[in-house]
There are 2 protein chains.
Amino acid sequence: MARKQSALDPQRLDNQICFAVYSAAHAFNRVYKPLLDQLGLTYPQYLVMLVLWERDDVPLKDIGEKLFLDSGTLTPLLKRLEAAHLVKRTRSSEDERQVLIALTSQGHALKEKARAVPQSILAASDCSVSELVAMKDEIVALRDRLNAVIGE
Amino acid sequence: MARKQSALDPQRLDNQICFAVYSAAHAFNRVYKPLLDQLGLTYPQYLVMLVLWERDDVPLKDIGEKLFLDSGTLTPLLKRLEAAHLVKRTRSSEDERQVLIALTSQGHALKEKARAVPQSILAASDCSVSELVAMKDEIVALRDRLNAVIGE
DNA sequence: TCACATTTAATTGTTCGCAATTGAATAGGC
DNA sequence: GCCTATTCAATTGCGAACAATTAAATGTGA
């Protein structure tokens with residue numbers, strides 16, 4: 001039974017959860033794009049803004065830990081957000097190694113304009129909130145198990 | 001009840017399924033990295049090889065449709081695979097617009113070396129196969145709904 | 001046949017994402 | 001205090017990812 005075998009073949013593209021996650025991430029990105037264009041943000045920039053809207057004046061390192069990104073990604077990204085007058089970067093006076101990221105008034109104001117984004121995404125998902133929450137929790141749990149393996 | 005409110009706030013990072021998917025994709029990538037380094041492949045290159053191991057001598061366009069990638073991504077990627085002697089790119093004689101991608105003998109041979117990869121990923125997932133299959137199917141269904149919205 | 005639209009890859013420019021390195025600031029042991 | 005290790009951000013280089021454009025081949029309708 002060739003069909004049954006291919007349905008179990010772990011080397012088949014369609015059987016790989018990783019490709020499912022990878023392609024879903026790209027699909028989300030394409031849905032977000034037109035929404036975020038109106039805000040003048042890319043998706044990773046939007047993630048940084050979400051972090052800052054929750055807590056302002058945060059070290060770069062903390063943003064990196066929340067988003068699983070390092071300074072090689074964040075430094076140029078934050079410079080672009082600064083060039084767009086959404087954040088300010090200042091060295092901490094207590095610890096000169098740290099760079100603190102603070103919202104500007106424009107950065108604060110953008111939160112209101114961004115309020116409609118999650119609703120649009122929910123609509124595009126065509127799925128109940130409870131289903132999405134359940135999926136999200138499963139995916140987060142899987143991600144955390146994977147990250148635990150890396151940390152070894 | 002501040003806690004309950006934040007647990008429902010759709011503008012909070014932790015409540016966004018998209019971030020769950022995005023960060024899980026990166027976590028997978030980090031688990032794959034050391035495995036694929038041994039094969040001399042990046043993850044997107046590995047995906048292309050998976051497609052070719054299923055069916056050889058495929059137009060670039062077909063690879064793009066399977067992986068949801070366009071020529072802007074695939075053309076340079078395939079040139080790198082060609083430089084690594086894993087594939088050959090030739091113009092179709094029936095339709096000169098198309099570029100056909102064929103495995104070299106080295107490209108074929110790599111399939112055997114790659115056989116251990118899915119098992120390592122499964123182990124890192126620390127999860128039963130049936131659970132992973134169920135999650136995969138849910139994520140694929142979500143992805144397809146998102147892609148349907150984009151196509152409108 | 002000829003004009004026009006469509007399809008397909010390639011190219012250009014911008015932004016991520018990360019490994020590896022560098023350099024400055026801080027912490028800890030002596 | 002002094003030497004060393006650690007921490008943190010920035011930098012460099014490479015490989016995606018994608019929008020927008022270009023160019024060539026093919027298809028289609030008058």
Side-chain angles (χ1 to χ4, degrees), chain A residues 19 22-34 36-37 39-49 58-65 67-84 87 89-101 147 150, chain B residues 18-19 22-34 36-37 39-49 58-65 67-84 86-87 89-101 147 150:
Chain A
F19 176 64
Y22 166 91
S23 53
H26 290 319
F28 265 119
N29 202 26
R30 286 189 281 269
V31 173
Y32 269 102
K33 182 103 190 0
L36 296 181
D37 278 350
L39 306 178
L41 295 173
T42 65
Y43 182 69
Q45 289 170 6
Y46 172 68
L47 291 179
V48 169
M49 295 302 286
V58 187
L60 182 151
K61 186 179 186 293
D62 288 18
I63 298 177
E65 279 170 4
L67 302 182
F68 307 97
L69 297 172
D70 68 2
S71 68
T73 301
L74 288 175
T75 296
L77 187 156
L78 288 165
K79 284 183 178 177
R80 284 187 282 272
L81 286 181
E82 189 172 43
V87 307
R89 306 180 316 127
T90 50
R91 289 273 166 188
S92 164
S93 51
E94 295 112 57
D95 185 341
E96 290 275 344
R97 290 171 302 183
Q98 290 191 345
V99 168
L100 298 177
I101 313 298
N147 278 331
I150 297 161
Chain B
C18 182
F19 176 64
Y22 167 92
S23 54
H26 290 320
F28 266 119
N29 201 29
R30 286 190 281 269
V31 173
Y32 269 102
K33 181 103 190 0
L36 296 181
D37 278 350
L39 306 179
L41 295 174
T42 64
Y43 182 69
Q45 289 170 7
Y46 171 69
L47 290 180
V48 169
M49 295 303 285
V58 187
L60 182 151
K61 187 179 187 290
D62 289 19
I63 298 176
E65 279 170 6
L67 301 182
F68 306 97
L69 297 172
D70 68 2
S71 68
T73 301
L74 288 175
T75 296
L77 187 156
L78 288 166
K79 284 183 178 175
R80 283 188 281 273
L81 286 181
E82 189 172 43
L86 295 173
V87 307
R89 305 179 317 125
T90 50
R91 288 276 165 188
S92 164
S93 51
E94 296 112 56
D95 185 342
E96 291 275 343
R97 290 171 302 184
Q98 291 191 345
V99 169
L100 298 177
I101 312 299
N147 279 331
I150 297 161

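Every chain is numbered from 1, with letters handed out A, B, ... down the list of sequences.
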Notebook entry, point to check: Rounded to whole angstroms, how far apart are OH on A/Y43 and C1' on D/dC18?
Noted result: 17 Å
Next item on the list: Compare the minimum distances between each of D/dA16, D/dC18, C/dC16 and the side chain of B/L69, then state the nucleotide with the smallest one.
Entry: D/dC18
Next item on the list: Check every atom of D/dA25, C/dA25, C/dA9 against the side chain of A/E96 and return the nucleotide holding the closest atom.
Entry: C/dA25
Item checked: Spacing of A/H26 atom NE2 relative to C/dT15 atom P, expressed in whole Å -> 19 Å
Check: Rounded to the nearest Å, what distance is computed from the CG atom of residue B/L81 to the P atom of nucleotide D/dA16?
Finding: 8 Å
Notebook entry, point to check: Is there a donor on the side chain of B/S71 or the base of C/dA10 sitting less than 3.5 Å from an acceptor on the other?
Noted result: yes
Item checked: Closest nucleotide among D/dA10, C/dA9, C/dC18 to the A/V99 side chain -> D/dA10
Margin query: OP1 or OP2 of D/dA9 versus the side-chain N and O atoms of A/R91: is any pair under 4.0 Å?
Written below: no
Next item on the list: Any chance you could lay out the side chain to side chain contact (heavy atoms under 4.5 Å, CB included) test for B/R89 and B/L100, step after step, and finish with the verdict?
Entry: CA-CA 6 Å; B/R89 305 179 317 125; B/L100 298 177; over 6 Å; no
Margin query: By nearest heavy atom, map A/A27 and A/L78 onto DNA chain D; which one lands nearer the 5' end?
Written below: A/L78
Item checked: Closest to side chain of B/D95, choosing from D/dA16, D/dA10, D/dT26 -> D/dT26
Item checked: Residue pair A/L41, A/L81: steps toward the side chain to side chain contact (heavy atoms under 4.5 Å, CB included) verdict -> CA-CA 9 Å; A/L41 295 173; A/L81 286 181; 3.9 Å; yes
Margin query: What is the distance, to the nearest angstrom, from the CG atom on A/N29 to the C1' atom on D/dC18?
Written below: 9 Å
Item checked: Atom of A/Q98, atom of A/P59 and distance for their closest heavy-atom approach -> OE1-CG, 3.9 Å
Check: OP1 or OP2 of D/dA17 sitting under 4.0 Å from any side-chain N/O of A/Y22?
Finding: yes
Checklist line | Output field: ring centroids A/Y22/B/Y43 closer than 6.0 Å | finding: yes
Check: Would you say C/dT11 has OP1 or OP2 under 4.0 Å from some side-chain N or O of B/K79?
Finding: yes
Checklist line | Nearest-neighbour nucleotide for the A/L60 side chain, D/dC18, C/dA19, D/dA10 considered | finding: D/dA10
Next item on the list: To the nearest Å, give me how far apart CG (A/D62) and P (D/dA9) are.
Entry: 8 Å
Checklist line | 5'-most by nearest nucleotide on DNA chain C - A/L77 or A/E94 | finding: A/L77
Next item on the list: Nearest whole angstrom, please: distance from the P of D/dA16 to the CG of B/L67.
Entry: 12 Å
Next item on the list: Return yes if some donor-acceptor pair links the side-chain N/O of A/N29 with the main-chain N/O of A/Y32 below 3.5 Å, else return no.
Entry: no
Checklist line | Residue closer to the 5' end of DNA chain D, B/R80 versus A/T75 (nearest nucleotide) | finding: A/T75
Next item on the list: Could you tell me which non-hydrogen atom of B/A25 sits nearest to which non-hydrogen atom of A/A25, and how far apart they are?
Entry: CB-CB, 4.3 Å
Margin query: Base, sugar-phosphate or nothing for B/T73? Non-hydrogen atoms, less than 4.0 Å.
Written below: base
Margin query: Whether B/R97 contacts C/dA10 is assessed here as follows: a side-chain N or O lying under 4.0 Å from the phosphate OP1 or OP2. Is that the case?
Written below: no
Note to self: I need the NZ-P distance between A/K33 and D/dC18, as an integer number of Å.
What the structure shows: 11 Å
Item checked: Value in whole Å for how far the C1' atom of C/dC16 lies from CD of A/Q45 -> 10 Å
